[in-house]
Visitor: 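Dropping a structure here in structure tokens format, bear with me for questions.
Both counts, for ligands and for their atoms, begin at 1 and track the order of listing. In what follows, every heavy atom counts, from backbone to side chain, and hydrogens, waters and symmetry copies are set aside. One-based numbering along the sequence shown.
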Amino acid sequence: MEEIDTPQEAAVRRVPESRTSGKTWYPHTLMSDLVLYSAHDGIAVLTVQNPPVNALSPGVPEGILDGLAKAAQDDSIGAVVLIGGGRSFIAGADIKEFGKITSGEKKRGVGLAPLLAALEDSPKPVFAAIHGQAFGGGLEVAMACAYRVAVAAANVGQPEVKLGIIPGAGGTQRLPRLVGVAKAVEMCQFGNPVRVPAAAQLGLIDQVIEGDLLQGALAFARSVAAKPVLRVRDRNGKLGTPEVHAAVFAAARAEASKKQRSLQAPLAAIQAVEAAVALPFDQGIEEEARLFEDCLFSSQSKALIHVFFGERTVAKIPDVPKDTAVYAIRSAAIIGAGTMGGGIAMNYANAGIPVLLKETSQAALDKGMATIRKNYAASVAKGRFPQETMDRRMALITPTLAYDGFENAGIIVEAVFEGMALKKEIFATLDGIAKSDCILASNTSTLSIDEIASATRRPQMVVGHHFFSPANVMRLLEIVRGKATSKEVIATSMGLAKTLGKVGVLVGNCRGFVGNRMFGPYRREAQFLVEEGADIEAVDRAMYDFGMAMGPLQVGDLAGLDVGWRIRQEFKHLEIPGVRKPLLEDRLCEMGRYGQKTSAGWYAYDENRKPKRDPLVEELIATVRREAGITPRAIGADEIRDRLLFALVNEGARILEEGMALRSVDIDIIYINGYGFPAHRGGPMFHADATGLGAVYARVAEFHRQHGALWTPAPLLQQLACDGRTFAEFPYQEKANA
Ligand code: 3HC
Ligand code: NAI
């Protein structure tokens, strides 16, 4: 029979190897289930043990408080070291708790205030010993300590703004006192992490520790413990005055209006730091708490927290467990050095994976390599990385006109023209060349992975890797599961997405997969709206104002109107007679207006790609309306928004019901990372849930009555609306078990 540990034994067993093996071992006491106490020759060590990231979940602050009290009462103790067990110091507040508070499930408690006060007023100086991350509440805890020491590889930061909130435990008040106002504004406004060496230069870290963190922290504590401590709250030297920093705050707000359009939290963060400068510490804390509360209960914060967990949820695939075996991918090969192939090759090179890049002609190969070089050079010119990095990455990409070397590749990604015959020919060839455990991936955006796989004798090794343009920039990777795709190939693909810096989302094999399948109705409705009377700019503006990176017609011009035109021609046989189809983009293409690439599409473009209205397009629209017998009517922004968003949602509901997306959040993550959907709206399905599926269904039904079959409500939308449920409550299992 397996022996079951007492909580105390379990806690001691959780102490990491590095701290128990080969070093003096000190007995631990359990302060709570989550914090351990040990005494090290006059110094108390409090170790937070809340895996995986030591969030400040209920029990952690209490455990630290108990540890501080125990240290205070023990005359043999002169100082306290606060350290994290496992992989980080403290990654912040427990984000799961926020949802409980805003939903009313849990009452808002006193927060971290008692802990911060106890740390700051501790009679024995407290030393925060940081490795991994000190983020959010973690950094705020560290800043309430007397000193902060850290290993060079650690990161510190106030990332709250990415969750739609601001630091809520004094971060906006203590940070400017340590690093100065301008840096504090930047850190709180954008939430990006700061590496420890830089943080040490700023005054946020007192000592960078080389070697073992705990030993270094103990040694540092011994060297300074007797010195008087000035609490961070009392250090006003770097604060200046509101007048001195007026330009800093004005510039930050101007930047927010450009780079953080419509976001509440960045402005609140700036205001909170401004309060640190204008008000005494305690009043500044009150102002921070007020702003924090406003943000916490905002719809933006709920959406951004949904996105935070969503990005982690998509990695979880019910029938592909975490321990599924994966293939080691040490080298790659790409076929086609066009728009997509070149970008995909860059992803591999950026991740340090050598990659062969094959083309059919020297001219195409030279063109592809020149584009890659130009893209890297632009990054070097912008200071994103040094020339050596570019040289190293370029050296990892080997251009070729032959299949030589493909036999060693761990993965081959096909990115040639979109045509089934060509793709099948290539996969049949690969089947004869690739090693048996090589993953064969297609970047097709519309074709069936099963049919492509049928050209091989190893369909289990075939998968879709659908990158988004520009492939070296866009974070989304749709991983398309064919009927035969093996679990190992899926698990490897999901891991590979992470290695390549992408968010991998598993999708089913249907036409357009998830993202493009939904994008079809969205762009169709944009055209219909113009045909019915809406102004082109009004359509784009309505969606831009909603928060989309750009409007649907501008997107068409950017991606190339000819792409859809060609696809429509390829799938003409699928058109249903009598069903309305959009007219304008085909006509624009017939005029040679493919979008930005021809300096003319929905808009006319100057040499700087600035769009402007074009009388020729207005003429075309008037002609098309006349020919189709449409009397133009005035269409407001509300209708534009509803038509476009609910076209996405209605198709998303079908996708969900068919099991082509695992969960509604998978669709949200696809739209945010691949289609410029605003993260602060949480994605189309979250937006629909937040709007209320009853209201969404009513509007879809209204459009159905007005516009016919294309708006037939998805059965799942109808069902959930009737049941008063949400998409988020529709689990994949419900379908799989049905
Ligand atoms: N609260 C709750 N769960 C958290 C968490 C947190 N703060 N941070 C991470 N997790 C969970 C993740 O959801 C994930 O759970 P799962 O395994 O069930 O999917 C698990 O921890 C591991 O996280 P990652 O997969 O992200 O692990 P990585 O190693 O890739 O990254 C990290 C680690 C850099 C710490 C990253 O998780 C992260 O950035 N976390 C969020 C940090 C943050 O935003 N902190 C601020 C919180 S708000 C706050 O502190 C308010 C304060 O001012 C009062
Ligand atoms: P592209 O036309 O820019 O590039 C295709 C390249 O493949 C050309 O350079 C061509 O010379 C090369 N090629 C053709 N046959 C070949 C062969 N037998 N061996 C080696 N090279 C060969 O096309 P693009 O846009 O890069 O598209 C490629 C694939 O990616 C298509 O399947 C497309 O549907 C898909 N895709 C395209 C996206 C886009 O936005 N352009 C987005 C996502 C997927």
Side-chain angles (χ1 to χ4, degrees), residues 50-57 87-98 111-113 116 132-141 155 157-172 188 191 193 288-289 292 295-296 301 304-305 308-316 322 334-344 357-361 363-365 367-368 371 400-403 413-420 422-423 425-426 429 442-447 452 464-471 474 476 478 498 513 515-516 558-560 563 566-567 674:
N50 185 22
V53 296
N54 289 331
L56 292 161
S57 314
R87 69 197 216 205
S88 71
F89 175 66
I90 296 171
D94 186 335
I95 302 168
K96 286 193 284 301
E97 296 297 308
F98 294 142
L112 295 175
L116 300 173
Q133 293 88 20
F135 281 171
L139 180 57
E140 291 170 303
V141 162
N155 284 298
Q158 299 284 175
E160 288 87 344
V161 76
K162 296 185 180 180
L163 301 168
I165 53 174
I166 66 165
T172 62
C188 296
E288 179 194 81
F292 175 84
C295 289
L296 181 64
S301 164
L304 288 165
I305 289 175
F308 174 84
F309 286 117
E311 289 201 352
R312 284 144 186 91
T313 301
V314 294
K316 299 179 173 81
K322 242 183 162 179
I334 316 285
I335 309 181
T339 310
M340 296 305 290
I344 297 169
L357 183 58
K358 183 186 177 300
E359 258 296 345
T360 44
S361 72
L365 198 53
K367 189 169 167 228
T371 306
T400 176
L401 293 174
Y403 281 113
V413 187
E414 166 278 309
V416 304
F417 303 128
E418 187 79 338
M420 184 53 91
L422 175 61
K423 305 238 182 213
E425 184 192 317
I426 286 177
T429 307
S442 172
N443 184 48
T444 178
S445 39
T446 51
L447 302 173
I452 293 174
H465 279 191
H466 185 208
F467 288 85
F468 287 72
S469 182
M474 298 299 284
L476 177 62
E478 278 186 333
K498 217 170 175 189
F513 313 124
N516 283 349
L558 180 69
V563 177
R566 297 218 163 86
I567 293 172

Visitor: To check your reading of the model: name the closest protein heavy atom to atom 31 (C) of ligand 2, its residue, and the distance in Å.
Guide: Val416 O, 3.2 Å
Visitor: Nearest to atom 20 (C) of ligand 2, what protein heavy atom do you find, and at what distance?
Guide: Ile335 CG2, 3.4 Å
Visitor: Taking all non-hydrogen atoms of both residues, which atom of Phe89 and which atom of Ala134 are closest, and how far apart?
Guide: CD2-CB, 3.7 Å
Visitor: Can you tell which of Asn50, Leu296, Val53 gets a heavy atom nearest to atom 4 (C) of ligand 1?
Guide: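 Answer by nearest heavy atom: Val53.
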Visitor: Taking the non-hydrogen atoms of Gly171, is any one of them nearer than 4.0 angstrom to ligand 1?
Guide: no
Visitor: Within 4.0 Å of atom 11 (C) of ligand 1 (strictly less), any protein heavy atom?
Guide: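 Under the 4.0 Å cut-off, atom 11 (C) of ligand 1 has no protein heavy-atom neighbours at all.
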Visitor: Can you tell which of Ala93, Pro51, Ala55 gets a heavy atom nearest to atom 7 (N) of ligand 1?
Guide: Ala93
Visitor: Any nitrogen or oxygen of Pro159, side chain or backbone, less than 3.5 Å from one on ligand 1?
Guide: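 The answer is no, given that Pro159 and ligand 1 share no N or O pair closer than 3.5 Å.
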Visitor: Establish whether atom 15 (O) of ligand 1 and some protein heavy atom are separated by less than 4.0 angstrom.
Guide: no
Visitor: Going by the order shown, which atoms of ligand 1 are within less than 4.0 Å of some heavy atom of Gly136?
Guide: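 Once the distances to Gly136 are compared, the set is 46 (C), 50 (O).
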Visitor: Say whether, by atom type as modelled, one donor and one acceptor occur between the side chain of Glu478 and the main chain of Gly515 under 3.5 angstrom.
Guide: yes
Visitor: Which atoms of ligand 1 sit under 4.0 Å from any heavy atom of Glu140?
Guide: 52 (C), 53 (O), 54 (C)
Visitor: Looking at ligand 1, does Glu97 have a heavy atom less than 4.0 Å from it?
Guide: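 No.
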Visitor: With the threshold set strictly below 4.0 angstrom, can you tell me whether any protein non-hydrogen atom sits that near atom 26 (O) of ligand 2?
Guide: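 So atom 26 (O) of ligand 2 has protein heavy-atom neighbours under 4.0 Å.
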Visitor: Validate the cation-pi geometry between Lys162 and Phe308: distance from NZ or CZ to the six-membered ring centre under 6.0 Å, angle to the ring axis within 45°.
Guide: no
Visitor: How far is atom 2 (O) of ligand 2 from its nearest protein heavy atom, and which residue and atom is that?
Guide: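 For atom 2 (O) of ligand 2, the nearest protein heavy atom comes out as Phe417 CE2, 3.2 Å.
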Visitor: Which atoms of ligand 1 are found less than 4.0 Å from any heavy atom of Gly92?
Guide: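 Listed by number with element, the hits are 50 (O).
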Visitor: Polar-atom distance check: Phe308 versus ligand 1, any N or O pair below 3.5 Å?
Guide: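 N/O-N/O distance below 3.5 Å does not exist for this pair.
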Visitor: Classify the contact between Leu163 and ligand 1 as side chain, backbone, both or neither, using a heavy-atom distance cut-off of under 4.0 Å.
Guide: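 It is the side chain that touches ligand 1; the backbone stays farther off.
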Visitor: Of all heavy-atom pairs between Glu288 and Gly170, which one has the smallest distance, and what is that distance?
Guide: OE1-N, 2.7 Å
Visitor: Output yes when the distance from some N or O of ligand 2 to some N or O of Asn443 is under 3.5 Å, and no in every other case.
Guide: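 Yes, Asn443 has an N/O under 3.5 Å of an N/O on ligand 2.
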Visitor: Of the protein's non-hydrogen atoms, which lies at the shortest distance from atom 18 (N) of ligand 2, and what is that distance?
Guide: Ile426 CD1, 3.6 Å
Visitor: Is there a donor-acceptor pair closer than 3.5 Å between any side-chain N or O of Asn443 and the backbone N or O of Glu414?
Guide: no
Visitor: Under 4.0 Å, counting heavy atoms only: does Gln158 come that close to any atom of ligand 1?
Guide: no
Visitor: Going by the closest heavy atom to atom 46 (C) of ligand 1, which one wins out of Ala91, Pro167, Gly138, Cys188?
Guide: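 Of the listed residues, Ala91 has the closest heavy atom.
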Visitor: Among Lys162, Arg312, Gln133, whose heavy atom sits nearest atom 36 (C) of ligand 1?
Guide: Arg312
Visitor: Looking only at non-hydrogen atoms, find the nearest pair between Phe292 and Gly168 and report the distance.
Guide: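 For Phe292 and Gly168, the tightest heavy-atom pair comes out as CD1-CA, 3.5 Å.
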